[in-house]
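This report refers to the structure that appears directly beneath it.
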Amino acid sequence: MSEFRVRSIRALDAAFPVPGDKSMSHRAAMIAGLADGISTVRNFLPSEDCLNTLGAMKACGVAVEVLEEMPGFGPTAMRIHGCAMQLSAPSAPIDCGNSGTGMRLLAGLFAGQSFDCELFGDESLSGRPMGRITRPLGEMGARIDCRGEKPGCAPLKVHGTKLHPIRYELPVASAQVKSAVLLAGMFCDGVTTAVQPADTRDHTERMLESFGVKVVTEGPAISIEGGQVPQARDFRVPGDISSAAFWVVAAAALPGSRLVIRDVGLNPTRTAVLDVIERMGARITRTVRSAADGEPIGDIEIHGAALHGTELLRAEIPNLIDEIPVIAVAAALAAGKTVIRNAKELRVKETDRITTVVEGLRAMGGQVEEFDDGMEITGGAPLHAATIESHGDHRIAMAFAIAGLFARGETVVRNTDCVNTSYPGFARQLAAVLAESKDAAAYDLPTVPVSA
Ligand code: S3P
């Protein structure tokens, strides 16, 4: 089992890209796979999650020609021969690995087919709630059995059938649920509408539009008319802002640091992490250079500072839900209190991320109060090294590797293979950052004022 060994660093002065966006790579595999014609997808994220989704499309008759690879991981550029909405029955159950996005979106896609299939995942995914998609899909006429040991959990047996359109008011702000409903709606006659209680990432809508499918957004209501066939096109996946967030925090919390991350996705439904880190005192410039594929893409430049605490706004939560573990690390390094509430969704991610973050920060000397829906972190006291268990959660492993860059002593993060589910190459990037920066212990540890 692999681990990270991390020591404190004095400053970060670097410029590098991050791999392709996970959410968009899932959708690119699905939408290019459904399209009429051959699409070229570039900067695809060769993470286990996205490769499983690509594998699912291949299992349903979509041919994929690999053009480029990230050595040791998998394809980053490929030609996808779309099936023009004519998927064929897979011959075996489909493995979604660790991915909630893969399983929930594929369930939406498969619910309206003329064949049955089974979706399964690893232990973590088999404990995550699937009722949130089986309910709306059931209202559309889908028959999905949750066959897991836990009620409402995977494996899912999807009995494909003709669906009918609905207007669905989402009880939780979830891009996965919205997307599952919209993808199922593509196979209905008539208009399907998903109404969100708060804005969530809109990659499904944008990508469908860029593949020529009309999606109508009227305030919180997003509608799609069934029967439209996506038209193949070339699509370049921007860098993943959620992966960039780890380095953004590393640079932001080290006064004197400067970091440039190029070609990263700057979709406004994903950039709240930058707003929060700016609010905490770092200087961040964002330059959008293009939105050619329907997604804003550009560079960010971060200048580190002595950070201070902040309060995350209710409306920001869905926009930065995946970044909360590393925002919590920033909060532990910032003077004063940071309040994270209305984030109960964290409890049903790859781990219960409220518990895993609170445990990890406390192990490193952080002062944290846990709530049912979040936490309050009183930052500013120096962190010390600890051995942190990732519990197989990629974002926990990476967030605590970043915490280790600020801690006295050598931090060990255990069980780190999981980072490959979202950020292949993280270990290499971490090693490069450590190699290029002097040990802070040889100087003064990065210090922040103890009170705001
Ligand atoms: C995702 C949506 C988010 C996010 C997940 C990816 C997506 O979950 O946490 O990592 O690609 O649609 P929600 O469905 O809870 O918004």
Side-chain angles (χ1 to χ4, degrees), residues 20-70 73-97 99 101-121 142 156 158-161 163 176 179-180 182-188 203-204 206-213 224 226-237 293-294:
D21 187 89
K22 178 156 81 74
S23 290
M24 288 188 235
S25 295
H26 280 293
R27 287 158 173 82
M30 291 182 205
I31 295 170
L34 291 176
D36 185 11
I38 304 172
S39 301
T40 302
V41 175
R42 296 191 185 276
N43 204 34
F44 184 84
L45 177 69
S47 73
E48 285 162 9
D49 278 9
C50 299
L51 294 175
N52 279 325
T53 293
L54 190 65
M57 298 307 289
K58 283 161 76 175
C60 296
V62 171
V64 176
E65 279 172 82
V66 175
L67 304 175
E68 286 166 24
E69 297 226 356
M70 184 189 289
F73 293 103
T76 53
M78 64 198 90
R79 262 195 290 274
I80 298 183
H81 297 246
C83 68
M85 299 285 279
Q86 304 295 321
L87 293 168
S88 49
S91 58
I94 287 176
D95 185 358
C96 300
S99 179
T101 306
M103 182 171 281
R104 293 184 178 124
L105 271 59
L106 287 170
L109 201 63
F110 291 145
Q113 305 302 323
S114 55
F115 52 79
D116 295 355
C117 68
E118 188 168 332
L119 301 170
F120 69 98
L156 303 181
V158 183
H159 304 274
T161 186
L163 304 179
Q176 294 173 359
S179 301
L182 295 176
L183 290 170
M186 293 179 75
F187 293 90
C188 296
H203 305 306
T204 303
R206 285 176 187 255
M207 202 177 293
L208 283 170
E209 285 273 351
S210 78
F211 278 74
V213 173
I224 191 164
Q228 302 182 69
V229 180
Q231 298 303 305
R233 56 160 297 155
D234 294 347
F235 186 86
R236 185 177 178 83
V237 179
D293 294 327

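The shown structure was predicted, so the numbers you read here are calculated from the model rather than taken from an experiment. Positions are given from 1, in the same order as the sequence printed here.
Within the 4.5 Å cutoff, no side-chain heavy atoms of Arg236 are placed close to those of Val41. Residues Leu156 and Met103 are in side-chain contact: their nearest non-hydrogen atoms beyond the backbone lie under 4.5 Å apart. Taking the side chain as every heavy atom from C-beta outward, Glu65 and Met78 never approach each other to under 4.5 Å. Inter-residue side-chain proximity for Leu67 and Arg79 is flagged as met; some heavy-atom pair is nearer than 4.5 Å. Phe73 has its side chain out of reach of Leu51: every pair of non-hydrogen atoms, C-beta onward, lies at least 4.5 Å apart. Put simply, the side chain of Met186 does not reach to within 4.5 Å of the side chain of Val229, judged on heavy atoms.
Contact check on Lys22 versus Asp49 returns a salt bridge, with a Lys/Arg side-chain nitrogen under 4.0 Å from an Asp/Glu carboxylate oxygen.
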Inset, instruction - Would you please test Val213 and Met207 for side-chain contact (heavy atoms from CB on, under 4.5 Å) and show each step? - result: CA-CA 9 Å; Val213 173; Met207 202 177 293; over 6 Å; no

Inset, instruction - Dump the intermediate steps for side-chain contact (heavy atoms from CB on, under 4.5 Å) on Glu69 and Thr76, then the final yes or no. - result: CA-CA 5 Å; Glu69 297 226 356; Thr76 53; 5.5 Å; no

Legend entry - Check against side-chain contact (heavy atoms from CB on, under 4.5 Å), Leu45 and Asp21: CA-CA 6 Å; Leu45 177 69; Asp21 187 89; over 6 Å; no

Legend entry - Stepwise side-chain contact (heavy atoms from CB on, under 4.5 Å) check, Phe120 with Asp95: CA-CA 5 Å; Phe120 69 98; Asp95 185 358; 3.4 Å; yes

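For Val158 against Ala111, the heavy-atom pair with the smallest separation is CG1-CA, 3.7 Å. Closest approach of Cys117 to Phe110, counting heavy atoms only: SG-CD1, 3.4 Å. The nearest pair of heavy atoms linking Gln228 to Met85 is O-CE, 3.8 Å. Leu34 and Cys83 get closest at one heavy-atom pair: CA-SG, 4.1 Å. Closest non-hydrogen pair, Ala232 versus Ala35, comes out as N-CB, 3.8 Å. When all heavy atoms of Phe44 and Ala29 are compared, the pair lying nearest together is CE1-CB, 4.1 Å.
Between the CG atom in Leu105 and the CD atom in Gln176 there is a gap of 7.0 Å [rounded to 0.5 Å]. Interatomic distance, CD1 of Ile31 versus CD of Glu209, reported as 11.0 Å (0.5 Å rounding). Going from atom CZ of Arg27 over to atom SG of Cys50 covers 10.0 Å, rounded to the nearest 0.5 Å. The CD atom of Gln231 sits 5.0 Å away from atom CG of Asp36, with the distance rounded to the nearest 0.5 Å. Note that NZ of Lys58 is 9.5 Å distant from CD1 of Ile80, once rounded to the nearest 0.5 Å. In this structure, Cys188 SG and Ile224 CD1 are separated by 10.0 Å, a value rounded to the nearest 0.5 Å.
A donor-acceptor pair under 3.5 Å links the side-chain atoms of Asp116 to the main chain of Gly160, judged by distance alone. The main-chain N or O of Val237 is found under 3.5 Å from a side-chain atom of Asn43 such that the two form a donor-acceptor pair. Checking side-chain atoms of Glu68 against main-chain N and O of Val66 turns up no donor-acceptor pair under 3.5 Å. Between the Asp293 side chain and the Phe235 main chain, no donor and acceptor come within less than 3.5 Å of each other. Judged by distance alone, with hydrogens and angles left aside, the side-chain atoms of Ser99 form no donor-acceptor pair with the main-chain N or O of Cys96 at under 3.5 Å. Side-chain atoms of Arg206 come within 3.5 Å of backbone atoms of Gly294 as a donor-acceptor pair (strictly under, hydrogens ignored).
Ser39 and Arg233 share no side-chain donor-acceptor pair at under 3.5 Å. For the residue pair Thr53/His26, the side-chain donor-acceptor check at 3.5 Å is satisfied.
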